[in-house]
Amino acid sequence: MAEDSCSVKEMETELKDNPCSSEDAFAVNPKKKKSKAKGKVKSQHEGKEKTHRKIKTPKEESMDFEDRRSQVNVKEEADKDPDFVTEGKGKKRKRKADKADGRSSTSEATLPKKKKKKVAEEGQGNSPIAKKKKIKEKKEKVKKEEGGCSVSTKKKKTKEEIEAARALKIKKKEEEEKQRWRWWEEEKYEDGIKWKFLEHKGPYFPPEYQPLPDDVKFYYNGKAVKLSLPAEEVALFFAQMLDHEYTTKEVFRNNFFRDWRKEMTLEERQLIMDLNKCDFGELHAMHKQKVETRKNISKEEKLVNKEVNQKIVDEYGFCVLDHHRERIGNFKIEPPGLFRGRGDHPKQGMLKKRIRPEDVIINCSKDSHIPEPPAGHCWKEVRHDNVVTWLASWTENVQGSCKYVMLNANSKLKGEKDWEKYEVARRLKSCVDAIRTQYQEDLKSKQMGTRQRAVALYFIDKLALRAGNEKEEGETADTVGCCSLRVEHITLHDTLDGQKCVVEFDFLGKDCIRYYNKVPVAKRVFKNLKLFMENKQGGDDLFDRLNTQVLNKHLSSLMPGLTAKVFRTYNASITLQQQLKELSNMKENVAEKLLSYNRANRAVAILCNHQRAPPKTFEQSMANLQAKIDSRKEQLDLAKKELKQAKKEAKGSTDNKLLIVVEKKKKAVKRCEEQLLKMEVQATDREENKQIALGTSKLNYLDPRITVAWCKNMEVPLDKIYNKSLRDKFAWAVDMTEHDFVF
DNA sequence: TAGATAACTTAGCATCTTCAAG
DNA sequence: CTTGAAGATGCTAAGTTATCTA
């Protein structure tokens with residue numbers, strides 16, 4: 001998040017210059033007047049544009065879509081902009097909205113039902129016999145190795161152990177595969193029922209706080225102070241973070257100090273009045289020491305730790321859902337600590353409290369073995385609600401929101417939902433043209449609300465913006481999505497770089513990731529934007545007649561199950577499909593095909609603005625790779641020379657030896673060339689990927705069936721693209737997708 | 001029927017693990 | 001065998017949407 005850190009830096013200098021706490025800064029922050037230009041639509045604008053421009057046909061529009069990826073300005077440009085600071089904004093934006101009907105449920109989505117009869121619980125591997133055989137072989141192998149050379153050196157033995165462990169792992173994997181629940185071949189449950197039986201052990205609680213040893217002291221105002229346990233624990237949270245830049249931020253420090261004092265005893269509170277007089281040095285040093293020793297532990301200890309962890313996973317990491325053992329995603333209760341929100345979060349530094357069993361609600365079957373709370377404790381509640389998917393929940397104290405323990409992505413519950421998501425997106429494909437035509441038409445509407453809706457939809461569709469819910473002021477960082485865009489977030493250019501009607505976007509989106517883009521838009525959109533911005537200030541809402549409920553209500557009337565985020569899924573998947581078709585070629589080798597895939601993936605990531613901070617070691621590792629390429633090039637030159645020489649010598653000769661040498665050299669050249677190409681491809685890929693994150697779209701937006709089908713057609717092994725977890729998560733797609741799948 | 005909240009998806013970064021090169 | 005980069009996984013914050021409640 002380069003731009004993030006950039007604004008952070010600026011924040012800091014600002015803070016240095018201005019010694020008042022930023023809490024004060026917040027209070028002082030002049031609220032921008034929000035002049036809601038209600039009913040200010042000038043009707044004479046209507047219809048004017050007809051003379052200038054005909055409505056785009058869906059086809060023309062879709063051409064726009066194709067070169068969308070080139071429009072997205074990768075953020076370097078934005079990075080350079082030193083003026084980029086989003087000011088703390090004025091007010092809470094709560095508006096009354098037409099109530100969303102809520103009747104349009106996604107559950108109507110019809111999954112392509114494979115009318116197969118229920119498969120037996122154990123599930124059938126593709127070729128169970130072959131698998132069993134394999135497993136047997138493995139077992140024998142393991143046995144052999146175990147018995148084989150027992151009188152060997154210690155080293156060898158551990159090696160063997162590793163080998164055995166590996167074999168065991170493979171065996172385990174195969175068993176796993178065999179036991180995979182092929183839920184996608186079963187009938188779905190009716191209306192909202194998520195399970196009929198659910199049993200688990202409850203969440204795993206982090207270990208209790210271990211008091212400081214006596215020789216590690218906290219000092220206040222130069223004097224050693226023995227803190228009470230609760231205060232000490234919180235002090236340690238802060239001490240541990242001392243290397244982080246954010247412990248220097250005023251908001252963070254103030255929030256921390258306020259919450260810390262709440263944990264203190266009366267005397268402590270009376271003594272410790274100023275954070276600047278606190279010396280956490282020894283605590284910090286102790287923590288660093290601990291990290292260091294943890295890093296240096298022996299292999300044996302590591303193995304022991306691993307086993308201990310595995311035991312925890314085995315005990316708490318699984319549940320039984322409708323007769324199948326399923327992995328739980330996050331079975332560990334979040335440990336206490338200091339809250340660190342993203343970006344400029346007003347609550348950063350606040351204490352995230354320790355969760356006790358008394359805070360936790362358990363959800364499971366009535367007839368299951370109810371999880372035991374830790375000794376001496378009880379649950380807040382045990383309920384048996386089978387229309388939800390969570391196993392346990394608690395309320396987090398910083399934001400007051402609910403946290404849930406849910407299943408792993410490879411579970412039936414998650415998989416089915418995911419599948420459904422892509423089916424909804426595919427349904428959008430069949431009616432997207434009509435919807436586009438409609439919103440183009442709506443741009444001319446007499447109703448201001450309708451026009452705003454149309455423009456918002458245009459953005460959501462064309463630029464893959466998020467819906468943009470309203471947020472409560474002061475509770476979170478100031479970020480926006482489509483519906484919550486403010487006037488200050490866009491700049492209109494009648495012409496820019498030879499293009500007409502360019503909208504320049506500059507705002508912080510989810511996770512405070514900057515969205516910066518200059519996009520030529522339809523003239524009518526441009527005109528509407530001008531209209532929406534009339535008589536408004538920077539801090540005013542661009543779409544003052546619109547919110548996500550209104551928008552989604554409208555969308556669901558166009559297609560059941562349609563909401564704003566479906567457009568992101570749809571456009572991401574369709575872009576991947578198009579790009580793959582365009583970029584990849586059967587003639588390429590696997591490395592090149594993978595580059596093509598990554599490029600298609602990248603087009604999607606750019607569309608969705610999935611960014612990452614360039615890896616810290618990026619420059620170095622790039623240079624290393626380049627060095628390797630150079631040396632390989634030299635090798636290649638050498639090999640070529642040698643080949644020439646060999647050819648020369650062999651010319652006219654019938655000496656078999658010489659001919660063989662020529663062949664050898666030829667092979668060497670070829671190998672060199674291949675390796676070089678591979679590295680060069682890798683270098684290109686990495687460079688292009690510098691600040692783009694491919695993972696998010698792969699995980700959340702791209703219909704896996706597109707990828708599976710592409711792999712089949714291109715003869716690329718799937719595991720070159722999907723790692724184990726992805727293959728598990730998308731098991732349904734891997735299993736059911738034929739080569740002719742079309743999104 | 002709006003506003004609150006519950007439920008669930010999406011997100012990037014941190015950390016742990018693995019694997020390949022030196 | 002060591003080192004470091006890449007890749008995988010873990011963590012939890014931050015969104016969206018559905019649903020509840022007064």
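Reckoned from all heavy atoms, side chains included, excluding hydrogens, waters and symmetry mates. Letters A, B, ... are given to chains in the order of the sequence lines, protein chains preceding strands, and every chain is numbered from 1.
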*Asks:* What residues, two or more places apart in sequence or in another chain, satisfy side chain to side chain donor-acceptor pair (under 3.5 Å) together with A/Y701?
*Replies:*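 Checked A/Y701 against side chain to side chain donor-acceptor pair (under 3.5 Å); matches are A/R568.
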*Asks:* Kindly say if A/T696 contacts the phosphate of B/dA11, meaning a side-chain N or O under 4.0 Å from OP1 or OP2.
*Replies:*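 Indeed not, no polar side-chain atom of A/T696 lies that close.
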*Asks:* Is any side-chain N or O of A/K414 closer than 4.0 Å to OP1 or OP2 of B/dT9?
*Replies:*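 It does, given that an N or O in the side chain of A/K414 lies less than 4.0 Å from OP1 or OP2 of B/dT9.
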*Asks:* Output a table of nitrogen or oxygen pairs between the protein and nucleotides 5-8 of chain C separated by less than 3.5 Å.
*Replies:*
residue : atom : partner : partner atom : Å
C/dA6   : OP1  : A/R686  : NE           : 3.1
C/dA6   : OP1  : A/R686  : NH1          : 2.7
C/dA6   : OP1  : A/R686  : NH2          : 2.8

*Asks:* Using the test ring pair (Phe, Tyr, Trp, His ring centres under 6.0 Å), find all partners of A/Y316 that sit at least two apart in sequence or belong to another chain.
*Replies:*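 A/Y316 satisfies ring pair (Phe, Tyr, Trp, His ring centres under 6.0 Å) with A/Y204 once adjacent residues are dropped.
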*Asks:* C/dT16, OP1 or OP2 - any side-chain N/O from A/R568 closer than 4.0 Å?
*Replies:*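 No, no such contact exists.
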*Asks:* Given B/dT10, B/dC13, B/dC8, which nucleotide is nearest the side-chain atoms of A/Y404?
*Replies:*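 The answer is B/dC8, which lies nearest to the side chain.
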*Asks:* Using OP1 and OP2 only, check whether a side-chain N or O of A/T548 sits under 4.0 Å from C/dT17.
*Replies:*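 Looking at the OP1 and OP2 atoms of C/dT17, neither is under 4.0 Å from any side-chain N or O of A/T548.
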*Asks:* Using a strict threshold of under 4.0 Å (side-chain N to carboxylate O), is an ion pair present between A/K353 and A/D359?
*Replies:*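 Looking at A/D359 and A/K353, the cut-off is not met.
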*Asks:* Looking only at the side chain of A/C402 (C-beta and beyond, no hydrogens), which of the listed nucleotides B/dA11, B/dT9, B/dA6 gets closest?
*Replies:*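 So the side chain of A/C402 is nearest to B/dA6.
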*Asks:* Sequence neighbours left out, what passes side chain to side chain donor-acceptor pair (under 3.5 Å) with A/R383? Give chain and number order.
*Replies:*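 Expected list: A/E381.
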*Asks:* Taking the side chain of A/N469 as heavy atoms from C-beta outward, which of B/dA7, C/dT17, B/dT10 is closest to it?
*Replies:*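 Per side-chain heavy atoms of A/N469, the pick is C/dT17.
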*Asks:* Tell me, please, which residues at least two apart from A/R453 pass salt bridge (Lys or Arg N to Asp or Glu O under 4.0 Å).
*Replies:*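 Partners of A/R453 under the salt bridge (Lys or Arg N to Asp or Glu O under 4.0 Å) test: A/D442.
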*Asks:* Pull out every protein N or O sitting under 3.5 Å from an N or O of nucleotides 10-14 of chain C, one pair per line with the distance.
*Replies:*
residue : atom : partner : partner atom : Å
C/dA13  : OP1  : A/K352  : NZ           : 3.2
C/dA13  : OP2  : A/K403  : NZ           : 2.5
C/dA14  : OP1  : A/R342  : N            : 2.6
C/dA14  : OP2  : A/H345  : NE2          : 3.4
C/dA14  : OP2  : A/Q399  : NE2          : 3.0

